[in-house]
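Below is one structure, written out as structure tokens; comments come after it.
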Amino acid sequence: MSSASKNTPADFKAVNIAVLTVSDTRTAENDTSGDALTSSLRAAGHTLADRKIVKDNIYQIRAVLSQWIADPDIQVIISTGGTGFSGRDSTPEAVAPLFDKHIEGFGELFRAVSYDEIGSSTIQSRALAGFANNTVIFCVPGSTGACKTAWDRIIKEQLDNRHRPCNFVGVLNTRITGK
């Protein structure tokens, strides 16, 4: 490989992303967090593979995620909601047992970048991420602002195969097409 080709940026590779909103109150009409994630991923050039809303129930969350994890056409899942400490917040309990590998740094980094926006309240976020069946799963809080922060400050770069020194695209399910 010549040094010129080493320095040439790779072509962008779109990934298929499913968005799950975990909420006892959100509907298709008022799911601003799911809307924000959908708009952001499309603006970045990715494909919305599926989108659902489920009640904050461990087994309903796991049922949807398990279906998506098994689907070879879905490389990424982003869930929003259920990551706090109040009432029925159960996303971490539902999702963590599904992981083959945890991405420890995601929650840490999310709370660090969120500190600039919401101060010490960021400690109440149980944002997490991991891999299951070569599908990366990001779980972020349910506020629209938190979804925008997670996408803009972390997820967008990690789903861009051109981001260096590393990104998650190379380890996702293999059905990724160039765009």
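Keep in mind it's a predicted model, so treat the numbers as computed, not measured.
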Approximate separation, where rounding is to 0.5 Å, of Asp24 CG and Lys55 NZ:
5.5 Å
When every non-hydrogen atom of Val113 is compared with those of Arg153, the smallest separation belongs to CG1-NH2, 3.6 Å
Hey, could you give me each pair passing ring pair (Phe, Tyr, Trp, His ring centres under 6.0 Å) that has a residue in residues 119-139? Not counting sequence neighbours.
Phe106-Phe138, Phe131-Phe168
Once rounded to the nearest 0.5 Å, what's the spacing between atom CZ of Arg51 and atom CD1 of Ile17?
13.0 Å
In Å and rounded to the nearest 0.5 Å, what is the CG to CD1 distance from Asn167 to Ile155?
14.0 Å
Walk me through it: do Lys52 and Gln67 pass the test side chain to side chain contact (heavy atoms under 4.5 Å, CB included)?
CA-CA 12 Å; Lys52 294 188 176 169; Gln67 179 184 11; 3.6 Å; yes
What do the steps show when you test Val136 against Val15 for side chain to side chain contact (heavy atoms under 4.5 Å, CB included), and what is the final call?
CA-CA 11 Å; Val136 67; Val15 296; over 6 Å; no
Are the side chain of Asn30 and the backbone N or O of Thr27 linked by a donor-acceptor pair below 3.5 Å?
yes
What I'd like to find out is whether the side chain of Val64 reaches to under 4.5 Å of the side chain of Asp50, using heavy atoms alone.
no
ILVMFWY network linking Val76 to Leu48, side-chain heavy atoms under 4.5 angstrom:
yes
Nearest heavy-atom contact between Thr80 and Cys147 is OG1-SG, 3.1 Å
I'd like to know if the side chain of Thr91 and the backbone of Gly81 have a donor-acceptor N/O pair within less than 3.5 Å.
yes
Could you grab the distance from atom OG1 of Thr144 to atom CG of Leu37, nearest 0.5 Å is fine?
8.5 Å
Membership question, hydrophobic clusters at under 4.5 Å side-chain separation (ILVMFWY): are Ile154 and Ile103 in the same one?
yes
Ile69 versus Ala132, closest heavy-atom pair with distance:
CG2-O, 3.5 Å
Should the ring pair His46 and Phe12 be called parallel, tilted or perpendicular, given that the plane angle runs from 0 to 90° and is split at 30 and 60?
tilted
Non-neighbouring partners of His102 that pass ring-ring contact (aromatic ring centres under 6.0 Å, His included), sequence neighbours left out:
Phe99
Mind checking whether Ile123 and Phe110 sit in one hydrophobic cluster, side chains of I, L, V, M, F, W, Y counted as touching below 4.5 Å?
no
Hey, is the main chain of Val169 close enough, under 3.5 Å, to the side chain of Asn161 for a donor-acceptor pair?
no
Looking only at side chains, do Thr32 and Asp35 share a donor and an acceptor under 3.5 Å apart?
no
Nearest 0.5 angstrom please: Arg62 CZ to Leu98 CG, how far?
6.0 Å
Ser33 versus Thr21: any side-chain heavy-atom pair under 4.5 Å?
no
Is any side-chain heavy atom of Ser79 less than 4.5 Å from a side-chain heavy atom of Ile61?
no
State whether the side chain of Ser23 and the backbone N or O of Thr25 hold a donor-acceptor pair below 3.5 Å, judged by distance alone.
yes
Please check this pair: side chain of Ser90 against backbone of Glu93, looking for a donor-acceptor N/O pair closer than 3.5 Å.
no
Going through the distances and angles, do Val140 and Thr83 end up as a side chain to side chain contact (heavy atoms under 4.5 Å, CB included)?
CA-CA 7 Å; Val140 300; Thr83 61; over 6 Å; no
If Ile, Leu, Val, Met, Phe, Trp and Tyr residues are connected whenever their side-chain heavy atoms lie under 4.5 Å apart, and connections chain through other members, are Ile53 and Leu65 in the same group?
no
Spell out, as yes or no, whether a donor-acceptor pair under 3.5 Å connects the side chain of Asn16 to the backbone of Asp73.
yes
Evaluate Asp89 against Arg126 for salt bridge (Lys or Arg N to Asp or Glu O under 4.0 Å), listing each step before the verdict.
CA-CA 10 Å; Asp89 288 336; Arg126 297 188 298 149; 5.9 Å; no
To the nearest 0.5 Å, tell me how far Thr135 OG1 sits from Ile77 CD1.
5.5 Å
If every non-hydrogen atom of Ala14 is compared with every non-hydrogen atom of Gly45, which pair is closest and at what distance?
CB-O, 3.2 Å
Quick one: are Trp151 and Leu159 in side-chain contact, heavy atoms under 4.5 Å?
yes
Considering only residues two or more places apart or on different chains, which pairs with a residue in residues 100-119 satisfy salt bridge (Lys or Arg N to Asp or Glu O under 4.0 Å)?
none
